[in-house]
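Encoded as C-alpha cells, the structure appears first; notes follow it.
So that the names make sense, note that chain A is the first sequence line, chain B the second, and so on, each numbered from 1.
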Protein chains: 2
Amino acid sequence: MTISKKYTIEDIAEHAGVSIKTVSRVFNNSPNVRQQKRDLVLGVARDLGYRPNISARQLASKRSFVISHFHDNPNTDYLSEIYDGMRRACSEQGYYAVAEKLEPKKGSYRHALLEYLLRYEVDGVILSPPVSDDNSVIREIKKRGIPYALISPGKKKKDGINVFINERDAGRSITDFLIERGHKQLAFISGLDSHAASLEREAGFWEAIAASDIPKKNVLRLAGDFSMQSGFRAFEKLTKKAPNVTGIFAANDEMAVGTIVAALRAGKKVPEELSVVGFDDSPFARSMWPTITSLAQPIDDMAHLSTQKLIDWIHSDRLKESQFEFATQIIVRDSCP
Amino acid sequence: MTISKKYTIEDIAEHAGVSIKTVSRVFNNSPNVRQQKRDLVLGVARDLGYRPNISARQLASKRSFVISHFHDNPNTDYLSEIYDGMRRACSEQGYYAVAEKLEPKKGSYRHALLEYLLRYEVDGVILSPPVSDDNSVIREIKKRGIPYALISPGKKKKDGINVFINERDAGRSITDFLIERGHKQLAFISGLDSHAASLEREAGFWEAIAASDIPKKNVLRLAGDFSMQSGFRAFEKLTKKAPNVTGIFAANDEMAVGTIVAALRAGKKVPEELSVVGFDDSPFARSMWPTITSLAQPIDDMAHLSTQKLIDWIHSDRLKESQFEFATQIIVRDSCP
DNA sequence: ATCTTGTTTGACAACGCTGTCATCATAGCG
DNA sequence: CGCTATGATGACAGCGTTGTCAAACAAGAT
C-alpha cells in the first residue's frame, strides 16, 4: 500500500465534472441529487480513495460528528463492549465515538456533564447506568436539544432513545432455570439498590419463586454491591444463616465469581453441592473455573443500535422510534449445568 | 452555571487590543511575544472563558491534535489505565486521546495500522505490547515522521520514546520476596513467550534462584499464556509433577487468580500451604480472596509521561530524551504476606 | 544621530468544507 | 404552447484558526 495523496472535495468535483456542492450533497446524503450523478461522484471518490476532511466539516457545519458515552462504571469489560458497539456504528457513518467517565458531585452527574459540554461539542449522547437514571442530566441534555439514548434506563423516556432488555423477565427466566434443575433452597445476591436494573432482576427472581412450589422461607436475599468482594461475603453469611441453600442467583457475574471462590475455599463442590448462576455473561463468566452459567445481554448490539438510531435522529432531526427491547439468552456453563 | 457564549479568537483580540495573530501566538506558545502581552491575552481569555476551536485549528494547521494508542490486548483494566494516563496529559494540552485495537494479519499489525492511518490523521502514537514489538509497524510510523512512544517494548528504540520498568529486576525482586519467606520449592508460571516482558520477568526469576541456595531441581517452570485458565491448568500440572511446591510466581495477576482458585478447589490453603505472587497489581489482585501479593508498575504514570513527552516532541519537533525507566513496588497482600 | 540586526506585531490569504441563495432544467397543467 | 411548480445544480461567502510575509519597533554598534 502506498501513501496516497490526500484529495479534497474540489478534486472529486473536477474529476466528476460537477460542482463541489454536489459532491458535498452526495456525501451528506442530501436529497435532490440525481441518482446518476450520485453514483458518478461515489465512483470517482472510491477510485481516488477520497475521505471528507472532518475538521473542515466540523468547522463549516458547526456539527462535531462526535457521539459521547457518559458513564460511571468501573466495569471496564462492560464499557469496552459499549465502546465497540458505538465505534462500529460511528465508523460506518463517519462519526467519532468518545467515552467519558463522569464523577458524581453530591450524587448528581449534572455538574460533571456541564463541565464537559463547556469544553467539547457533541452531536449526540449515550447514557448508561447509573448516569442514565440521573434526571438532572437528562434535563440538561434535552434543554440543549441534543439527541440522546439511554442504555438500560430505570425509567424509560418517551422523547429519547431507550435500549434495554426486560430485566424482570430475564431475572425470572434464569431463576426458573435454577428451579427446573431441582433446587429447593435458593438465595439471591443483590446488586446496588440504586441500580434500577438490579431491582428488576430481583423482582423477576421473586416472581419465579412465587410461581413455583418453593416456600418463601426457603429463600434468602443477601445484599451485595456488584463487587467480587461482596460475593465472598454473601457466601460467608449464607453458611451461617442458611447452609442448606443449593442454588444461588447473583445479580452479576463478579459476585458469582466471589461466591464460587468462597465456596471452593470452604470445601463446597461447585456445581455438585452448590449451583451458581450469574448475570451479564461478562469475561469473568467464561474465564472462571468452573465457568459460570449466566444470562447474556447483547450489550455490544445494544450500543450499536442506539448509536445508529442516534445518528439517524441527528440527520433527520426527529426521533422516530423510541423503544428498543433486546432478547436475552441463558449461557449454560459448568457452575449450573 | 449558565450556557456561556462561545468566544472566538477575534473577540479575545479585540478585548485585549491586539491582533488575532498575537492571540494565536499566545495559545500556541510561540516565541516572540512580549511577556506583558502574553499575560494580558491570557487574562482576557480566562475572564471570557475562551477556548480555541479545535476544528479550525486542525484545518488551518493541518495538525490533528490526536494521539492514538494502538494495542491488541484483551485486558481492559490495563487499557483503561493507559487511557486515563493519556487523557490526563492530553487534556492539559488541548489534545485528544484515542485508543484503537489493531487486529493482526498474519502476525503483523502493519496492515491494520495503514488502514487506520488512511482514515485518520494522528500527531503522535503510543504503542503497547504486543504492537510495540512489531517492527513493521514502527517502520511505517517512522517513515511518516510521526512521533511515537513505546510502552514496555521488548527492544528499546533510540529514536523514539521508551517508557518501561526493568522487568528483569522486578522479576528478581518479587522472587527474592518469595525466597525470603522461606520457600524452598518454587514454580514460575510464564506468560506468552512472544511477550518480551514475560521472558524478562522469567530471566529475573532465574537470576534470583541462582543467587539463592535453592537447587535448580527444586524449581519448576510451567507454561502459561496470561489467561486465568492457564493458571488453573498450571496448578493441575503442578500437583502431578511437583506437589511439594510452596511458592509460585505467576507472570501476571490473572494467572495468579487461576492458580489460587484451583488450589482452593483442591483443598490447599492459601497462603498457609501455598503462597502465590502475581505481577501488574491489576484489579484482580485487589478483588480476589485472598487478595494477591503483586508487583505494581505505574501504568497510569507511564502513559501520562509518554503522552507528555510525545506532545513535547510534536511541538519542538525534536526528540530530547528517549529512555524513561519507572520504579516498581511490591504490594504485599494475603496470598503471600 | 544613523545604520544594522533581530525581535515583535499585524494584514491577509489560505485550510476544506457547508449554508444560502440564485439559477437552470424538467414536468405537469390549462 | 406558455406558465408554474418543483427538482437539480452551482457560485460564493463564511466557519475560526494558522502560515506567510511585510512592517514596525527596539537595541546596539558606529
Q) If you draw a 6.0 Å radius around NZ in A:Lys320, do more than 12 non-hydrogen atoms from other residues or ligands fall strictly inside? A)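 Result for NZ/A:Lys320: enclosed.
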Q) Passes side-chain hydrogen bond (donor to acceptor under 3.5 Å, both in side chains), B:Ser282 versus B:Asp77? Steps please. A) CA-CA 7 Å; B:Ser282 70; B:Asp77 292 312; 5.6 Å; no
Are OP1 or OP2 of [N] and a side-chain N or O of [X] less than 4.0 angstrom apart?
X: A:Ser24; N: C:dT18; value: yes
X: A:Tyr50; N: C:dC17; value: yes
X: A:Lys62; N: C:dT18; value: no
X: A:Ser19; N: D:dT9; value: no
X: A:Thr22; N: D:dG10; value: yes
X: B:Lys37; N: C:dT8; value: no

Quick check for you: among [options], whose closest atom lies nearest to any side-chain atom of [X]?
X: B:Thr8; options: C:dG16, C:dT18, D:dT17; result: D:dT17
X: B:Ser61; options: D:dC12, C:dT8, D:dT18; result: D:dT18
X: B:Asn32; options: C:dT8, D:dG10, D:dT18; result: C:dT8
X: A:Lys21; options: C:dT20, C:dT9, C:dC17; result: C:dT20

Describe the nucleic acid contact of [X] in one word from base, sugar-phosphate, nothing, applying a heavy-atom distance below 4.0 Å.
X: B:Phe65; value: nothing
X: A:Phe27; value: nothing
X: A:Arg25; value: base
X: A:Pro31; value: nothing
X: A:Asn53; value: sugar-phosphate

Q. Do B:Tyr148 and B:Lys142 have side chains that get closer than 4.5 Å, going by heavy atoms?
A.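 They are in contact (side-chain heavy atoms under 4.5 Å apart), so the answer is yes.
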Q) So, for A:Tyr96 and B:Tyr96, is the gap between ring centers shorter than 6.0 Å? A) no
Q | Centroid-centroid distance, B:Tyr50 to B:Tyr7, less than 6.0 Å | A | no
Separation of [N] [atom2] from [X] [atom1] (nearest whole Å):
X: A:Ile54; N: D:dG16; atom1: CD1; atom2: P; result: 19 Å
X: B:Asn28; N: C:dT8; atom1: CG; atom2: P; result: 17 Å
X: B:Glu10; N: D:dT18; atom1: CD; atom2: C1'; result: 14 Å
X: A:Glu121; N: D:dT17; atom1: CD; atom2: P; result: 13 Å
X: B:Glu14; N: D:dG16; atom1: CD; atom2: C1'; result: 15 Å
X: A:Ile9; N: D:dT9; atom1: CD1; atom2: P; result: 15 Å
X: A:Gln35; N: D:dT9; atom1: CD; atom2: P; result: 11 Å
X: A:Leu59; N: C:dC15; atom1: CG; atom2: C1'; result: 9 Å

Q. Taking all atoms of both residues into account, what is the closest heavy-atom pair of A:Ile82 and A:Ser128, and its distance?
A.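 It is CD1-CB, 4.2 Å.
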Q) Start at the 5' end of DNA chain D and walk down; is the nucleotide closest to B:Arg34 or to B:Ala60 reached first? A) B:Ala60
